[in-house]
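Starting from 1, each residue takes its place in the sequence as its number.
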Amino acid sequence: MMEPKIINRNSKGFTLVEIIATILAAGILGAMFVNFMGTALTSSWNAVEIARDEAGTEALMEQIIADYVADINSDPATALSNLVTTYNGQTINGIDITTQYIDFDGSGNENILSAGTSDNLKVVLQATGPGSPAISGRYALTTIFTNSRDTDDPIVIY
């Protein structure tokens, strides 16, 4: 007589079907992860380039401000025109510089004026390097300079 097989109901471990299902799920999730991370990794250099462009643009703006302070301390009447003469239309280290005389109407809207007819000068620096962001094609920094000093005012230290 044959002895009946004893089935062990307390066996521990995973079945082959569970292991295969887990490997398939991990493979699908891994493929999706690599797809998304691959896109992020291939464009991660962009952050470094943007930071470099921003730092370079801000450093150039600091230089323009320093030049303006030096000019306004020596001759306030020509400080704005000196900025226009020195920087308008220039490209320095891949940064385009534009200047415009502007004024504001009663609603706060900006009006572009002809040279020398306003005490406000808008200076725009635009980074045009390869790392510049796609938003408007580049990184821009704008400052408005104003001629609000007289010759007898105290000197400004910057």
Indicate yes or no: at least one non-hydrogen side-chain atom of T99 is less than 4.5 angstrom from one of F145.
-> no
Which residues pass the side-chain contact (heavy atoms from CB on, under 4.5 Å) test with D103, sequence neighbours left out?
-> L113, S118, N120
Side-chain H-bond candidate by donor/acceptor type, T78 with D75, under 3.5 Å = yes
With S81, which residues qualify under side-chain hydrogen bond (donor to acceptor under 3.5 Å, both in side chains), at least two apart?
-> none
Residues I92, I97; criterion side-chain contact (heavy atoms from CB on, under 4.5 Å); working and verdict = CA-CA 8 Å; I92 300 174; I97 305 169; 3.8 Å; yes
Go through I64 and L125 one step at a time and tell me if the side-chain contact (heavy atoms from CB on, under 4.5 Å) criterion holds.
-> CA-CA 10 Å; I64 292 170; L125 307 182; 3.8 Å; yes
Residue list, salt bridge (Lys or Arg N to Asp or Glu O under 4.0 Å) with E110, at least two apart or on another chain | K122
Give a yes or no answer on whether the side chain of N73 reaches the backbone of V69 with a donor-acceptor pair at less than 3.5 Å.
-> yes
Side chain of Y68, backbone of N82: donor and acceptor closer than 3.5 Å?
-> no
Could you tell me whether the side chain of N147 and the main chain of P76 form a donor-acceptor pair under 3.5 Å?
-> yes
Would you say L16 and I23 are hydrophobically clustered, going by side-chain heavy atoms of ILVMFWY under 4.5 Å?
-> no
N35 CG to M32 CE distance, which is reported to the nearest 0.5 Å | 9.0 Å
Would you name the heavy atoms of N111 and F104 that are closest together and state the gap between them?
-> ND2-C, 4.3 Å
Please list, chain by chain and in numerical order, all residues satisfying side-chain hydrogen bond (donor to acceptor under 3.5 Å, both in side chains) with D71, sequence neighbours excluded.
-> none
Smallest heavy-atom separation, V124 atom then T142 atom, equals CG2-OG1, 3.7 Å
Contact check, side chains of Y101 and I112, non-hydrogen atoms, under 4.5 Å = no
Report the C-alpha separation of I144 and I102 in whole Å, then their side-chain angles, then the decisive distance to 0.1 Å, and conclude whether the side-chain contact (heavy atoms from CB on, under 4.5 Å) test is met.
-> CA-CA 9 Å; I144 298 176; I102 62 168; 3.8 Å; yes
Atom pair CG/CD of D96 and Q90 - distance to nearest 0.5 Å | 10.5 Å
Could you tell me which residues satisfy ring pair (Phe, Tyr, Trp, His ring centres under 6.0 Å) with Y87, sequence neighbours excluded, listed by chain and number?
-> none
When every non-hydrogen atom of E18 is compared with those of G13, the smallest separation belongs to OE1-O, 4.5 Å
Listed by chain and number, what are the side-chain hydrogen bond (donor to acceptor under 3.5 Å, both in side chains) partners of E54, not counting sequence neighbours?
-> none
Taking all heavy atoms of L141 and all of M61, pick out the closest pair and write down the distance.
-> CD2-CB, 3.7 Å
